[in-house]
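Data first, discussion second: the structure below is written as structure tokens.
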Amino acid sequence: MRKVIRITRGMLGQEMGSVRVMMGYLLGMAFLGLGVNDFLRYAMEMGEPVNLCEAFVVSGNQSMAARFWVLGYLLILGDAPFIKGNTYMMLYRCGRQAWNMGMLLYVFLQAFLYTLCFAVVSVAAGIPFGFFGGIWSSPVYLLATVSSNAAAEKYHIFFDGMRMMKYMTVPQAFGITFLYLLCYFVFLGLLLYLCNLVLGGFFGLAAVAAVHLGGVILSFADRLHQSPLYYVDGAGGHWRYPGRMLAVILVLAAVSAFAVRRADMEESMIFKS
């Protein structure tokens, strides 16, 4: 595990200073800013304070707005499977399995940091306009109960969260929204890493794009949702999605352990150099 942690720490040190990764975070924050700005403008027009956690909950459960958050994350991981100039030395000293585990841990950490940035920035943006606590605010309550609200339509804010508000406090809704986003980002990151490792960069990006767009299409048809709003039922139904995603993530991680044995790392390193 020490080898795996050192590999992951080295990757973070290399990647976090790269222009591509910084641009990925900035792109994600730009899309977040659009949604949070609309929500706060709506709250100001309503003339009531909002809970500091509500901006993240409402923005993260806006199906179309949140779909674009993936673009920044894919830019961050666009260099998968992360073949660097020192990869040959790491493979020689640590072995392929330790290197693969380090890359998997790196994908998870980037997903966590990316989601954490969304949460922190959205909370910080709401500080001048709100309060902290477990109760839902009047603007969000109206947003969930009156779908034809003129102010909501004006700022393109929609929140079908009546069941979430009934069974969850705001911090609980904040936590489950964070978990859903994290699971989805980890899943897409591992899928991109695995496909690039086995097939190459173009096929990995194509596979991730197909999966993401397929999810968007299915959500329009009410066949698949990646928001906790549609799973909260007061009986723990909101845990089904994270459980399924965890199973898929473990399968992808297991497949990568076999794929890294057969991957032509030397050819990838020659191409990189």
Donor + acceptor pair across side chains of Tyr230, Asn61 (<3.5 Å): no
Tyr114 and Gln110: side chain donor to acceptor below 3.5 Å: no
How close do [X] and [Y] get, counting heavy atoms only, and between which atoms?
| X | Y | result |
| --- | --- | --- |
| Tyr184 | Met245 | CA-CE, 4.0 Å |
| Ala111 | Val186 | CB-CG2, 3.6 Å |
| Ser256 | Tyr193 | CB-CE2, 4.2 Å |
| Leu113 | Tyr25 | CB-OH, 3.4 Å |
| Pro228 | Met164 | CG-CE, 3.7 Å |

Test side chain to side chain contact (heavy atoms under 4.5 Å, CB included) applied to Tyr42 and Val140, step by step: CA-CA 10 Å; Tyr42 159 76; Val140 173; 5.8 Å; no
Side-chain heavy-atom pair Leu52, Phe131 within 4.5 angstrom cut-off: no
Sidechain-backbone polar pair: [X] side chain, [Y] backbone, donor-acceptor under 3.5 Å:
| X | Y | value |
| --- | --- | --- |
| Gln97 | Ala257 | yes |
| Trp136 | Met168 | yes |
| Tyr141 | Met165 | no |

By ring-ring contact (aromatic ring centres under 6.0 Å, His included), Phe56 pairs with (sequence neighbours left out) Phe174
Tell me whether Val251 shares a hydrophobic cluster with Val107, the cluster being built from Ile, Leu, Val, Met, Phe, Trp, Tyr side chains joined at under 4.5 Å. yes
